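First comes the structure, then the notes that go with it.
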Amino acid sequence: MKREVYSEEHEDYRSMIRSFVESEVSPVYDEWFEKGLVPRDFYYKLGELGIFGAEIPEEYGGEGLTSYKFQAILTEELARAAVSFGGSSVHVGLCLPYIRDIGNEEQKKRWFPGMLSGEIMFAIAMTEPGTGSDLAGMRTTAKLSEDGTHYVLNGSKTFITGGVHADRVIVCARTSAPKEDDRRFGISLLVVDTKLEGYSVGRKLDKLGLRCSDTAELNFTDVKVPVEDILGEANQGFNYLGQNLPRERLGIAVSAYAQAKAAVRFAVQYTKDRTVFGKPVSSFQNTKFELAACQADVDAMEAVVDRAMEAHDLDELSAADAAKAKLFCTDAAARVIDRCLQLHGGYGYINEYPIARLYADNRVGRIYGGTSEVMKMIIAKDMGL
């Protein structure tokens with residue numbers, strides 16, 4: 001079926017990204033993978049390419065694009081090559097919309113130029129060692145000083161993507177106690193300068209997949225955060241998080257679809273080249289049936305993400321619809337990638353082959369951004385159950 005969500009402008013953007021990946025990333029990606037980290041100066045190249053400025057309003061030096069589809073194309077092209085731009089996916093995919101939609105004029109003028117160039121890399125810190133999907137249960141606190149000039153931040157966060165390289169981190173913290181009838185009240189978003197005294201990066205976490213994405217533990221000990229660096233209104237942070245979660249979950253759905261599509265591409269290439277009993281693996285009926293089933297799943301995922309992207313661009317993507325897209329695509333992608341790895345035989349288990357990396361990278365899709373179980377709760381509630 002012909003795909004109709006992308007225009008000629010989108011495809012030109014895709015060509016630019018693909019060319020950049022082929023020339024600047026794929027040749028050195030094995031080195032990044034071994035180190036488990038994208039070089040910090042690589043982000044300046046992304047800034048020069050315009051990756052970070054696509055959704056920054058024109059008055060601040062960006063392109064002013066409002067469509068999510070450019071971000072989706074970036075995700076698709078990275079999956080196609082089985083590579084990663086590291087924590088920059090959070091910088092541009094999650095953090096930028098918070099600054100754009102919630103930040104005041106002074107904050108935008110202060111942070112957007114650095115965000116665009118790669119000089120200021122952002123991360124967002126929600127999850128804590130004892131609180132994952134239950135964000136309302138967070139224990140990190142930020143108490144307003146007596147003179148009202150700053151917040152004193154204490155606590156810790158974990159699983160923070162981009163946490164190693166981050167220059168600024170949007171930290172979710174309790175600035176007030178929860179209300180008796182609303183435990184979500186009292187959470188605020190603070191944009192914390194990582195150079196502040198008392199801020200420290202703990203372990204760089206050794207993950208199963210997404211190895212080039214720097215994921216870290218963060219610790220805060222009496223960090224003095226200026227009141228000028230609070231995003232939006234105090235105590236309303238949970239509402240802001242809720243507004244951006246559909247986009248985050250759409251991004252995970254797109255990533256799962258793109259990984260599955262790439263896996264089929266790799267499996268088709270491998271089974272054509274690999275011979276068994278004097279014949280290409282692709283010539284056996286089982287191979288044909290497996291790949292045909294995988295392609296059907298990929299086409300179904302594509303229909304789901306395309307419909308969700310259109311809804312997002314019309315500001316009509318509901319929390320429940322985003323949950324459906326994430327749940328379906330992450331489950332289907334896991335099935336497809338597993339089948340494609342199987343068709344690679346023993347080589348599919350070797351990190352030298354991109355299918356192995358896709359297999360490991362894909363697994364977290366059913367965990368982060370809200371687990372599959374949480375997605376089912378959201379969908380069931382929407383059904384009136």
Side-chain angles (χ1 to χ4, degrees), residues 87-103 121-142 151 153-176 178 182-194 199-205 207 210 213-220 223 225 229-252 255 319 322-323 326 364-375 377-378:
S88 68
S89 59
V90 167
H91 171 78
V92 69
L94 294 184
C95 297
L96 193 156
Y98 280 100
I99 307 300
R100 182 193 62 202
D101 299 339
I102 307 170
M121 294 302 296
F122 272 68
I124 185 166
M126 294 185 251
T127 305
E128 298 181 1
T131 59
S133 297
D134 181 21
L135 291 176
M138 69 177 61
R139 297 181 179 180
T140 297
T141 61
Y151 288 92
L153 179 67
N154 283 282
S156 61
K157 299 289 182 177
T158 192
F159 306 143
I160 308 307
T161 301
V164 174
H165 283 322
D167 302 289
R168 287 269 180 172
V169 179
I170 301 173
V171 177
C172 308
R174 279 214 163 273
T175 47
S176 296
D182 184 7
R183 60 193 295 267
R184 299 176 176 181
F185 175 83
I187 293 172
S188 299
L189 306 183
L190 303 173
V191 181
V192 181
D193 187 338
T194 62
Y199 179 102
S200 65
V201 178
R203 292 185 302 153
K204 176 183 173 294
L205 300 175
K207 306 185 300 298
L210 300 178
S213 179
D214 51 312
T215 305
E217 297 173 331
L218 306 179
N219 300 299
F220 321 112
V223 180
V225 184
D229 289 351
I230 189 170
L231 265 186
E233 296 182 26
N235 303 321
Q236 299 302 313
F238 199 97
N239 294 331
Y240 299 137
L241 295 173
Q243 292 168 15
N244 279 280
L245 277 174
R247 176 187 168 112
E248 179 180 357
R249 289 165 180 164
L250 168 60
I252 296 170
S255 179
K326 180 181 184 296
V364 75
R366 286 174 281 168
I367 299 173
Y368 66 1
T371 64
S372 293
E373 291 73 23
V374 170
M375 297 304 100
M377 291 171 62
I378 293 170

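Quick caveat, the model's predicted, so the values are computed rather than measured.
I160 and I124 get closest at one heavy-atom pair: CG2-O, 3.6 Å. Between V164 and D214, the shortest heavy-atom contact is N-OD2, 3.0 Å. Between T141 and A173, the shortest heavy-atom contact is C-CB, 4.2 Å. Between A234 and Y151, the shortest heavy-atom distance links the atoms CB-OH, 4.0 Å. Closest non-hydrogen pair, N219 versus S156, comes out as OD1-CB, 3.5 Å. Taking each heavy atom of H91 and F122 in turn, the nearest pair found is ND1-N, 2.9 Å.
If you take CZ on R366 and NZ on K326, they are separated by 9.5 Å, rounding to the nearest 0.5 Å. Put simply, CE on M126 and NZ on K157 are 9.0 Å apart, with the number rounded to the nearest 0.5 Å. Between atom CD1 of residue I170 and atom OG of residue S188 there is a gap of 13.0 Å, rounded to the nearest 0.5 Å. Separating the CG atom in L231 from the CG atom in L190 is a distance of 8.5 Å, to the nearest 0.5 Å. One finds the OG1 atom of T127 at 8.5 Å from the CE atom of M138 (value rounded to the nearest 0.5 Å). Note that CG of L153 and CG of L218 are 10.0 Å apart. Values are rounded to the nearest 0.5 Å.
In this structure, a donor-acceptor pair under 3.5 Å is present between the side chains of E128 and T140. A donor atom on one side chain and an acceptor atom on the other are found under 3.5 Å apart for T175 and N235.
With sequence neighbours left out, the side-chain hydrogen bond (donor to acceptor under 3.5 Å, both in side chains) criterion links K207 to T215. Evaluation of the side chain to side chain contact (heavy atoms under 4.5 Å, CB included) rule for N239 yields Q236 as partners, not counting sequence neighbours.
With a 4.5 Å cut-off on side-chain heavy atoms, Y368 and T161 do not count as touching. Residues D229 and D193 form no side-chain contact, since every pair of their non-hydrogen atoms from C-beta on lies 4.5 Å or further apart. Using a 4.5 Å heavy-atom cutoff, the side chains of H165 and S88 are not in contact.
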Would you mind writing out the side-chain donor-acceptor pairs for residues 93-102 within the sub-3.5 Å range, not counting sequence neighbours?
residue	atom	partner	partner atom	Å
R100	NH1	E55	OE1	3.0

Under the side-chain contact (heavy atoms from CB on, under 4.5 Å) rule, what do T158 and L205 come out as? Steps first, then yes or no, please.
CA-CA 9 Å; T158 192; L205 300 175; 3.8 Å; yes
Please assess Y240 against E233 for the test side-chain contact (heavy atoms from CB on, under 4.5 Å), listing each intermediate value before the final yes or no.
CA-CA 10 Å; Y240 299 137; E233 296 182 26; 3.7 Å; yes
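Dense packing is recorded around CZ of F238, with more than 12 heavy atoms of other residues, nucleotides or ligands lying under 6.0 Å away.
Proximity of a side-chain donor or acceptor of R249 to a complementary backbone N or O of A322 within less than 3.5 Å is not detected. Panel note: side chain K204, backbone A216; no donor-acceptor pair is recorded below 3.5 Å.
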